[in-house]
Every structure is written in structure tokens, then in C-alpha cells.
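All ligand and atom numbering here is 1-based and tracks the order in the structure. These numbers were taken from a predicted model, which means no experiment stands behind them.
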Amino acid sequence: MITFPNAKINLGLNITEKRPDGYHNLETVFYSVPLEDALEITILNDSKQKFALHQSGLEISGEPENNLVVKAYLLLDREFQLPPIDIYLYKHIPSGAGLGGGSADAAFMLKLLNEKFHLHLTDEKLEEYAAMLGADCAFFIKNKPTFAEGIGNVFSPVDLSLKGYQLVLVKPDIFVSTREAFSFIRPRHPEHSLKEIIKRPVNEWKDNMLNDFEESVFPQYPVIEDIKKELYRKGAVYAAMSGSGSSVFGLFNPEEEIADLDFGQAFCFQTKLK
Ligand SMILES: C[C@@](CO)(OP(=O)(O)O)[C@H](O)COP(=O)(O)OP(=O)(O)OC[C@H]1O[C@@H](n2ccc(N)nc2=O)[C@H](O)[C@@H]1O
Ligand SMILES: Nc1ncnc2c1ncn2[C@@H]1O[C@H](COP(=O)(O)OP(=O)(O)O)[C@@H](O)[C@H]1O
């Protein structure tokens with residue numbers, strides 16, 4: 001059985017408070033985009049091992065045991081004693097990009113196991129498991145436009161469609177650690193809630209919607225800011241860093257002719273949103 005975990009972008013991100021547990025409260029809107037990994041599982045007949053992870057595509061740092069798809073499998077295996085499986089992961093979503101690729105893989109693995117092994121878990125239950133694997137992981141269970149608050153795990157639906165807009169995603173060869181990006185932030189409450197700003201027309205977002213991580217990440221990596229400026233020069237109606245970086249996305253009007261994009265060696269993905 002195969003599935004295609006997709007990336008997300010953050011439309012606005014305000015870091016409002018540091019909590020006693022070291023985590024931060026934030027406000028953001030998660031929006032799914034069709035940049036996808038491929039994830040397949042088959043039953044493993046060699047019962048000496050619980051799982052075998054076969055990885056291809058972009059490299060993922062760390063040991064297989066720390067891969068979030070494995071953590072997702074082991075989490076459900078503890079509860080439901082699942083058969084051993086082969087896991088095939090084709091990685092296309094860059095890591096350390098603020099695109100939630102690892103979190104998407106984990107959430108899609110939970111959904112895949114639920115379906116393959118007829119576990120009958122509801123979306124709400126799957127969200128509970130996903131939240132144990134990463135702060136933004138649960139978003140990918142329903143995978144619909146979502147306003148997130150708390151540590152990024154308290155959700156409400158957002159009535160928003162960017163259908164028809166052209167998306168350009170650029171990821172320079174820079175890995176931003178989410179943990180490190182948080183450590184440079186001075187949290188503050190925004191003047192206007194993102195919940196209100198997101199309801200305004202896309203062409204008003206530029207002057208109103210902020211990603212607070214830009215303030216801490218841009219001075220450290222000016223290349224990332226340059227990409228954002230270039231996207232605006234090319235006619236983006238809105239451009240911003242996604243999550244804690246290092247990817248930057250631009251939204252272009254449906255009829256806009258985007259000319260001569262050249263981001264050198266950076267990973268670049270372009271699509272019309274559906
Ligand atoms: C902040 C966001 C916004 O989208 O960044 P991106 O990962 O997308 O860049 C996400 O919510 C991130 O979610 P996720 O990447 O799952 O975070 P986790 O693995 O749970 O946390 C990584 C580290 O970031 C810090 N962290 C994370 C979330 C949060 N609300 N406050 C924090 O301070 C903690 O130091 C934690 O150890
Ligand atoms: N399946 C996976 N895909 C990507 N990264 C993974 C995966 N499993 C574990 N990781 C680890 O998670 C970290 C963050 O990856 P990812 O969630 O893709 O980035 P981001 O938090 O920037 O959206 C990486 O450093 C990587 O080592």
C-alpha cells in the first residue's frame with residue numbers, strides 16, 4: 001500500500017510566548033502544498049526484525065530508528081502488535097526547510113497503518129498519536145487549511161482556498177534547526193491576530209502578515225532574505241519564509257507570467273495550486 005505525504009507552508013507565524021516547559025506558544029496557518037514524498041509499506045516475511053527501512057531520493061540525516069516513519073510504526077505497534085513491515089520512503093521534500101516533510105511522513109504513516117491493518121482509528125485518535133511525534137504532525141491527519149495555536153497543535157479550520165494561484169518554493173542549501181531558530185526569538189503578541197489577517201485578500205497580506213522567524217533567521221542567513229526579495233521582484237503577490245526556514249515561497253496571481261526564475265543551485269518547485 002502506498003501513500004504520498006505532502007509538504008505544508010506557513011501563512012504567517014507569530015511566536016507569542018515562551019512557556020515554562022521551554023516550548024513556545026505560536027499562531028500560524030498551515031496550508032498543504034503538492035510537493036510530495038512517496039511512502040509504501042509491505043508485510044515483511046522475515047520475522048527476525050520488526051521493520052526494514054529502505055530510503056531513496058534526498059538524504060535524511062540520522063539513524064533509521066530515528067526516522068519519524070519508524071517512530072510512527074513503533075508507536076502503533078506498541079498498542080496493536082502489528083506485523084513486521086518493509087518501509088519504502090522516497091524523499092522529495094527537503095528537510096530542515098520548514099516544509100514539515102518529516103512530520104508529514106509520520107502522520108501519513110499512521111494513516112497508512114490504520115488503513116492497511118484495519119485499526120479503525122478515528123481522525124481524532126490519529127491526531128492524538130501524531131501529536132506525540134512532533135508539534136505540527138497532527139495537522140497532516142486532516143491536511144486541510146488550519147489555524148494552529150498552542151505549541152502548534154491546537155487546531156481550528158480556516159476557510160481559505162488558494163486555488164489557481166501559482167506557487168514557487170525555493171530551498172537554498174541551508175539547514176535551519178527549528179530548535180535553534182526558536183532560541184533567537186523574543187516572543188511578543190501581534191497587534192492583529194493572524195486569524196483576522198488571513199481573511200483579508202491575498203494582496204493585502206504583504207503589509208500585514210509576518211513570519212517572526214524571519215527576524216531571527218535572515219540576519220544569520222542573508223541568502224534566504226535575498227530569495228524572498230527576488231520573489232517579490234518577479235511579481236509575487238505574497239512571499240515569506242515557511243516555518244523556521246530555510247525554504248521561501250512566493251504566491252503569484254493566476255494570470256501572472258513568471259519570467260526567468262534563477263535560484264542557482266537551490267531546490268526549486270513550481271506549481272499551480274488546485
Ligand atoms: C514552528 C514550526 C512551525 O511550522 O516550525 P517548522 O518545523 O515548520 O519549521 C513547527 O510547528 C515546529 O514543529 P516540529 O518541527 O514538529 O517541532 P518539534 O520537532 O516538536 O520541535 C523541535 C524543537 O523546536 C522547539 N519548539 C517547537 C515547537 C514549539 N511550539 N515551540 C518550540 O520551542 C523545541 O525546542 C523543540 O525541541
Ligand atoms: N521521514 C523524515 N523525513 C525528513 N526528516 C526526518 C524524517 N524523520 C526524521 N527526520 C528528522 O527531522 C528533522 C526535520 O525534518 P523536517 O520535518 O523535514 O523539517 P522541518 O522541521 O524543517 O519541516 C531532520 O533533521 C531529520 O533528521
Anything under 30° is parallel, anything over 60° is perpendicular, the rest tilted; go ahead and classify Phe213 against Phe182.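 The arrangement is perpendicular - the two ring planes meet at more than 60°.
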Taking non-hydrogen atoms within less than 4.0 Å of ligand 1, which protein residues qualify?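 Within the 4.0 Å shell of ligand 1, which is judged on heavy atoms, sit Lys8, Asn10, Leu13, Gly22, Tyr23, His24, Leu26, Phe30, Gly98, Ser103, Gly134, Ala135, Asp136, Ile151, Thr178, Arg179, Phe182, Phe213, Gly243, Ser244.
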Is a side-chain donor or acceptor of [X] paired with a backbone partner of [Y] at a separation under 3.5 angstrom?
| X | Y | answer |
| --- | --- | --- |
| Lys206 | Tyr238 | no |
| Asn153 | Ala131 | no |
| Glu256 | Ile258 | no |
| Asp86 | Ile41 | no |

Run the salt-bridge test on [X] and [Y] with the 4.0 Å N-O cut-off and return the result as yes or no.
| X | Y | result |
| --- | --- | --- |
| Glu215 | Arg188 | yes |
| Asp105 | Lys91 | yes |
| Lys228 | Glu214 | yes |
| Asp123 | Lys142 | no |

Give the protein residues with at least one non-hydrogen atom closer than 4.0 Å to an atom of ligand 2, ordered by chain and number.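 Residues within 4.0 Å of ligand 2: Ile60, Ser61, Asn66, Asn67, Leu68, Leu89, Lys91, Ser95, Gly96, Ala97, Gly98, Leu99, Gly100, Gly101, Gly102, Ser103, Asp105, Phe175, Thr178.
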